[in-house]
Structures are given as structure tokens and as C-alpha cells.
Amino acid sequence: MTEVEIIKKRVAGLREQINYHNHRYHVLDSPEISDAEYDALLVELRKLEEAHPELITPDSPTQRVGAEPVSAFGIVVHPRPLLSLANAFSDEDIDAWYKRITGLVPGQDFDFVCELKIDGLAVALTYDNRSLVTGATRGNGYQGENITQNLRTVKSIPLSVPSTAPARFEVRGEAYLPRKGLVRLNEERAAEGQPLFANPRNAAAGSVRQLDPRITARRPLDIFIYALGWSEGIQAPPTHWETMQYLRSLGFKINPNMTRCKNLDEVKACCHGWAERREELPYDIDGLVIKVNSIALQEELGFVGHDPRWAIAYKFPAVQGTTRLLDIGINVGRTGSLNPYAILEPVNIGGVTIERAALHNEDDIHRKDIRIGDWVLVQRAGEVIPEIVGPVVSRRTGGEKVFHMPAACPVCHAEVIRGEGEAMHRCANTACPAQALESIIHFASKGAMDIDGVGEKLCRSLFEKGLIKDSGDLYSLTHDSLLGMERMGEKSAANVLASLEKSKDRPLARLIFAVGIPNIGEETASILVQHYNSIGALSKAGREELMGIPSIGPKVSDGILAFFRQPQNTDIIDKLSKAGVNMQSAETVRRDLPFSGREFVITGKLAASGRQELEVKIRALGGKAGSDVTKKTGYLVVGADPGAKLARAQALGIKILNENEFLQMVKEAEDRLK
DNA sequence: CCGCCTCGAGTTCT
DNA sequence: CTCGAGGCGG
């Protein structure tokens with residue numbers, strides 16, 4: 001094959017792929033690849049065509065804006081096409097764009113408007129004689145679908161406008177589903193066994209294209225208007241900014257997060273700012289749109305191909321991607337649960353390489369119909385934790401394998417059991433080495449005994465060398481035995497011994513949590529300490545007595561009884577006791593502490609001290625430290641970069657404290673105790 | 001018995 | 001963060 005033939009073949013292949021994905025995206029509302037991947041295909045094709053113009057055909061995907069609309073709805077021809085925007089993925093791309101446009105109209109002062117790029121679908125609304133007459137999708141840019149009946153159900157779209165409006169005009173906006181709406185919708189769909197929407201855009205597109213408008217009406221769709229398409233009978237304002245103010249005065253919903261920027265530095269600062277804060281918004285954005293403010297300049301700049309020169313879309317790095325599920329591995333947790341996880345072909349999502357993702361349990365895997373060998377859609381939940389959304393069914397070859405939990409524990413080969421009505425599979429062997437090791441790691445971990453320098457790696461090495469068999473053995477470690485470990489010198493060994501020594505006087509609640517009684521976490525451990533002032537007292541507690549304690553029920557009681565009946569466990573406690581680990585509650589229970597009956601929740605990064613330390617203080621003062629904002633939450637302590645909890649607390653009218661106010665409160669409470 | 005609210009357990013990556 | 005499930009009120 002000659003080089004030209006190879007290129008020809010590649011071009012044909014790219015076109016086929018792009019057409020296929022175009023159809024999936026625009027027609028079926030069910031894309032299989034991320035936007036970034038799609039863009040990459042298009043970019044490659046464009047490059048090849050630029051180098052070999054003779055290969056360009058009129059039907060090449062580069063020669064049009066989108067796919068043909070389906071005909072279930074009437075077709076609307078847009079008097080002025082709804083165009084796509086060129087993309088910028090970096091500051092350099094913005095610089096290049098700026099250089100191009102300033103070169104075209106030299107000597108002009110530019111100012112810009114930056115707007116959020118909402119992840120929804122573009123629609124055009126036409127008003128005639130003050131009434132909404134047509135609502136249409138963007139379609140291929142030149143003609144879209146008539147979805148007037150459906151858009152009429154969107155409450156933020158005015159059905160009529162005041163007399164200050166032009167006689168006839170068209171506005172353009174982005175219809176979208178707020179994040180909460182998507183969650184709710186997907187819950188409903190999961191309950192009905194329907195495939196889930198992968199993102200808000202698909203959900204919005206799916207909602208707006210319902211044949212029955214009553215279904216659309218039940219979806220919490222919203223809209224932001226971002227442009228005046230065309231108008232008759234008025235003198236349109238001279239800038240984009242003023243146009244938006246005018247549209248707002250007509251009753252249209254305009255996104256409040258719109259910024260006027262005098263220069264490129266301000267534009268970039270705005271983009272970076274929103275890249276940081278995008279999570280604070282109740283809807284998804286996939287970037288920002290930068291527009292030249294002056295309408296006269298916009299007209300002067302004109303278009304290149306299908307893209308206006310006067311605007312550019314600054315796109316955030318993709319938060320979704322597709323990759324192959326190579327295999328499903330199993331971890332054995334400290335409770336003996338078998339936890340499946342996905343082993344993925346490494347894929348970069350939002351600048352981070354993902355190769356693992358939790359799969360929770362077997363039912364979850366089957367519910368999502370994920371099979372080994374599948375192409376899967378991966379996203380970072382809450383922008384951090386990787387998550388598999390679902391398989392790309394159409395990319396199956398038939399060689400994929402349905403996953404089944406092994407019948408034997410992958411570590412000790414003991415029998416695997418699944419309790420009646422339980423989602424988790426468990427290793428039946430209570431002496432399973434994996435469980436033993438995980439228990440030790442948990443014991444030393446931050447929330448538990450917090451033994452500095454004794455992390456997962458060291459625990460594993462010590463365990464494999466046979467130097468420790470359970471957490472009680474940690475305290476018999478010697479300087480010499482530690483020196484045999486990897487990357488362990490004189491200094492580190494001494495540090496570890498010092499940390500162990502320091503951990504001996506942790507409060508009783510931490511110890512109870514650390515020993516790993518089933519279903520007893522930090523909170524329940526604290527509650528238990530209010531009723532028993534030593535491990536010994538707890539170990540002698542009877543079933544009825546335990547059940548009498550609020551928030552302790554039959555399961556937790558039985559867990560405690562079973563724990564102390566196991567000789568392995570009492571042996572560990574003996575070892576700890578002999579080593580001098582604190583086994584008692586430091587202070588006798590005080591009924592009326594300053595924070596009694598008050599619940600605090602912390603969000604964001606705290607400047608002065610760690611969250612854990614503060615939670616310990618709250619409990620020491622008799623308060624509760626919750627993890628989620630609820631109706632019962634008394635105070636929300638807000639640090640830097642607060643999470644979604646802030647919005648929730650505001651919605652519930654909960655008292656909000658900043659870090660200083662909170663510390664002041666703690667100080668006053670501590671003073672009162674003296 | 002059901003639904004709501006919390007808590008527990010396991011998790012990714014830098 | 002997510003999912004599952006324990007506790008408890010209605």
C-alpha cells in the first residue's frame with residue numbers, strides 16, 4: 001500500500017466512526033464515547049483533510065455541523081443558523097484565538113463577556129406578537145426539531161413577553177436538568193429497569209424529545225438564555241452584555257454568573273476560577289464561552305467555516321471516558337467481605353490516570369450488566385472517586401464474560417457465604433489471613449489508634465514476615481525486628497516505637513473502634529463509652545442491657561456479645577492491656593457538658609487544625625460530630641472550599657459558623673468546664 | 001411492616 | 001463518595 005492509500009483508508013475509517021457516533025449522540029441521545037474522544041476523531045480527520053484537500057468530499061463530517069434531525073417531530077428551519085463554537089482546551093488556545101482576532105481588526109479595543117457553558121442542549125425560541133410560537137432543537141444548526149409542546153412545559157420559559165419586546169424575535173438558550181433532577185430521574189429509571197442517563201445533557205435531550213409532553217412536564221427542566229438570535233422592529237443593543245440585560249428585562253432567565261472582562265488576563269482568571277468552583281453550581285458545566293462584547297466587532301470578525309470568530313468555547317478537561325474492563329479483582333476486607341474492583345486499561349480522565357474502580361458487590365455488577373472485557377464508561381464521582389457508569393453494549397464482541405463471585409476465598413480458599421438478604425459475600429474463615437491483616441491496618445489507622453508511621457505497607461511487611469499476627473503484637477515489636485523491614489533505618493524504627501508508645505493512651509472510644517467490633521464505628525464507640533467506662537465493663541454487658549442503650553439494637557448487641565466470646569479477640573485485648581494500652585474512660589461520664597445534645601457538621605478545609613481533632617473536641621465537650629447535614633444538625637462549621645453541605649445547610653436554615661467563630665465557641669465551652 | 005435517617009465499611013489518587 | 005443496612009418512629 002502506498003502512503004496515500006493508507007491515508008485514504010484512515011480518512012474513510014474516521015468518517016465512518018464519526019458518523020456512527022454522531023448518530024448515537026444527536027439522534028439516539030446515547031453516546032458511547034466522551035466528547036473529548038469524539039473531538040479527537042474530528043481533529044484528526046480535519047488535519048488529514050487539510051494536508052490532502054483532494055480527499056475532502058461534500059458528505060464528510062467536517063463539512064457540516066451536526067447530524068440530521070429525526071422526523072418524529074416536525075422540522076423547523078432556523079432563519080439564522082445556530083452555530084457551533086471552536087474549542088479551546090488550554091490558555092495557549094485562548095492566546096492563539098486572541099492573536100487571530102486582534103490581527104483581523106487591528107487597533108480596536110476588545111472587551112469580552114465570559115459565560116458558563118451549561119451542559120444541556122441548545123434550543124431556539126421564537127416569539128411572534130408577544131407569544132411563544134416555536135421552540136426548536138439546534139439539530140444540525142440549520143434545521144432542528146419542533147419541540148414547542150415540550151418546551152412549553154418548562155416553567156422558566158415565558159409563554160408571553162411584555163410590550164417592550166420586539167414584534168418578532170428569536171432567543172437562544174441552553175435547556176438543562178439540574179444535578180439533583182438527574183439523580184432523581186435516574187433513580188426512577190433504575191427502579192423501572194431502564195438504562196440510566198450518563199450525564200445531564202443526555203437526560204435533558206431525552207426529556208425534551210418525549211413524544212408525550214406530559215412526561216416532559218414531570219422532568220425538572222430549566223433553561224438559561226444566552227443570546228438574541230434575531231429580531232425585527234427594534235434597534236438591538238450595541239453590546240452582548242446589554243443585550244442580555246435587555247432579555248432579562250423581558251422576563252428571560254439569564255445565568256447570573258456572567259462576567260465582563262476588559263482583557264485576556266481577566267478572561268483567563270475567570271475561566272480558572274470556574275474550573276475550581278464548578279462543583280458549587282447546582283448544574284453541570286463543561287467549560288465557559290468567551291464572547292467579544294461589541295456586536296459591531298462581532299459582525300466585523302464574521303465566521304470561519306461554521307464557527308463564529310468572535311466566540312470560543314473554553315472546555316474543561318473531560319470528566320468521563322471509555323476504556324476496557326480488563327478483569328475484576330477481589331479484595332478481602334477486615335470484616336471478611338469480598339469486595340470486587342475493576343481492573344481497567346489505564347485511561348486519563350480530567351488529568352488523572354484511572355486504572356481501578358470499586359464495584360461494590362455482585363448484584364451491582366449484574367444490575368449494571370458489566371462484563372469482563374467490556375468497554376465501559378468511567379467517570380469520577382464527585383470529581384474524585386472513579387466510578388463505572390455502565391458498559392458500552394454496542395461495542396461488544398461476544399467474547400465478554402459475565403462475572404461471578406468465586407466460591408472460595410481468593411486468599412485462604414475457605415468457603416464463601418452470602419447471608420440471607422445480604423448484598424455482600426463473605427469469607428467464612430474468621431482466621432482468614434486477609435481479614436487478620438486488614439484488621440491490623442484498621443487498628444493502626446488515623447481514625448482508630450492513629451499510630452504514626454504504621455501504615456498499610458509496614459503492616460503488610462511485618463505480617464508477611466510473621467512478626468505480627470494481630471494488632472496486639474504491634475506493641476511487642478522491638479527496634480531490631482523493625483530494622484529488618486524495607487526502607488527502615490535507625491531513625492524510622494525509633495519513630496515507630498515512639499508512635500506506638502504515644503498510642504497507648506488514646507481514649508477508650510478509639511480503642512473500642514480500633515478493635516473492630518462489627519457495626520461499631522466511631523459514633524457508636526463514643527455512645528458505648530457513655531455507658532461503660534472500660535473494655536472490661538463492656539465485655540461483661542448483657543444483651544438486654546445493651547439493647548436498652550439508644551441507637552444500639554439487636555444486631556449491634558449481638559455483634560458485641562459474639563466479639564467477646566471469641567478467644568482470639570479476648571487474647572488481643574489481653575495483649576493490649578499487658579502492653580499498657582489505656583482500657584478505661586479517662587473521665588467519668590458527665591451528664592451536662594456544654595455541647596450536650598448539639599450536633600455539629602464540618603465542611604471544607606480548616607486552617608488551624610485537622611477535622612479529626614475538632615471532631616474529638618466536639619465529642620469531648622458532649623456534642624455530636626455528624627458527617628452529613630440533616631434536620632437535626634445544629635451548626636455547620638465552614639472551612640475553605642466548602643462542599644455541597646453548605647448549600648444544604650443554607651436551605652435548611654442551619655446556623656453557619658466560620659472556623660474562628662467555632663473555635664471561639666469551643667474555647668468558651670472549655671473555659672466553662674474549668 | 002415500611003420509610004426515613006444515620007452510621008459503617010470500603011474506596012481512588014496525588 | 002457510594003452503597004448497604006441498622007435503628008427507630010409511625
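First the proteins, then the strands, lettered A, B, ... as listed; each starts at 1.
Within 6.0 Å of atom NZ in A:Lys469, 12 or fewer heavy atoms from other residues, nucleotides or ligands are found, so the atom counts as exposed in its surroundings.
With sequence neighbours left out, A:Asn519 forms a side-chain hydrogen bond (donor to acceptor under 3.5 Å, both in side chains) with no residue at all. For A:Asp364, the salt bridge (charged side-chain N to carboxylate O under 4.0 Å, His left out) test picks out A:Arg367, A:Lys368, with sequence neighbours left out. Legend: residues meeting ring pair (Phe, Tyr, Trp, His ring centres under 6.0 Å) with A:Phe463, ordered by chain and number and at least two apart, are absent. Under the ring pair (Phe, Tyr, Trp, His ring centres under 6.0 Å) criterion, A:Phe513 pairs with A:His442, not counting sequence neighbours. Under the side-chain hydrogen bond (donor to acceptor under 3.5 Å, both in side chains) criterion, A:Ser471 pairs with no residue at all, not counting sequence neighbours.
Rounded to an integer number of Å, the gap from CZ of A:Arg179 to P of C:dC1 is 11 Å. Atom pair A:Ile365:CD1 and C:dT2:P shows a separation of 18 Å (rounding to whole Å applied). The interatomic distance linking A:Ile517 (CD1) with B:dG8 (C1') rounds to 13 Å, in whole Å. Taking atom CD of residue A:Glu522 and atom P of nucleotide B:dG8, one finds them 8 Å apart after rounding to whole Å. Rounded to an integer number of Å, the gap from A:Arg367 CZ to C:dT2 C1' is 12 Å. When the C1' atom of B:dA9 is taken as reference, atom CG of A:Leu338 falls 14 Å away, rounded to whole Å. When the P atom of C:dG4 is taken as reference, atom CD of A:Glu362 falls 13 Å away, rounded to whole Å. Distance A:Ile520 CD1 to C:dG6 P: 13 Å, rounded to the nearest Å.
A:Arg506 places a side-chain N or O within 3.5 Å of a backbone atom of A:Asp450 that can act as its donor or acceptor partner.
In the set C:dA5, B:dA9, B:dG8, the nucleotide with an atom closest to the side chain of A:Glu523 is B:dG8. Here the nucleotide nearest the side chain of A:Glu387, chosen from C:dT2, B:dA9, B:dG8, is C:dT2.
Listed by first and then second residue, the side chain to side chain donor-acceptor pair (under 3.5 Å) pairs involving residues 551-561 of chain A are A:Arg543-A:Asp558 (not counting sequence neighbours). Counting only residues at least two apart or in different chains, ring-ring contact (aromatic ring centres under 6.0 Å, His included) contacts with residues 545-573 of chain A are absent. Residue pairs meeting the ring-ring contact (aromatic ring centres under 6.0 Å, His included) criterion with at least one member in residues 335-368 of chain A, sequence neighbours excluded, are A:His366-A:His404. The side chain to side chain donor-acceptor pair (under 3.5 Å) pairs that include a residue from residues 422-435 of chain A are A:Thr335-A:Arg426, where partners are two or more places apart or lie in different chains.
Residues from residues 406-415 of chain A placing a heavy atom under 4.0 Å of any atom in DNA chain C do not occur.
Taking only side-chain nitrogens and oxygens, A:Asn519 never comes nearer than 4.0 Å to OP1 or OP2 of B:dC7.
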Show each protein N/O and nucleotides 10-14 of chain B N/O combination with a separation under 3.5 Å, one pair to a line.
from   : atom 1 : to       : atom 2 : distance (Å)
B:dG10 : OP1    : A:Arg334 : N      : 3.4
B:dG10 : OP1    : A:Thr335 : N      : 3.4
B:dG10 : OP1    : A:Thr335 : OG1    : 3.0
B:dG10 : OP2    : A:Arg334 : NE     : 3.4
B:dG10 : O3'    : A:Asn339 : ND2    : 3.3
B:dT11 : OP1    : A:Asn331 : ND2    : 3.1
B:dC13 : OP1    : A:Glu355 : N      : 3.0
B:dC13 : OP1    : A:Arg356 : N      : 3.4

Sort me out a list of protein N/O and nucleotides 8-10 of chain C N/O pairs below 3.5 Å, or just none if empty.
from  : atom 1 : to       : atom 2 : distance (Å)
C:dC8 : OP1    : A:Ser551 : N      : 2.3

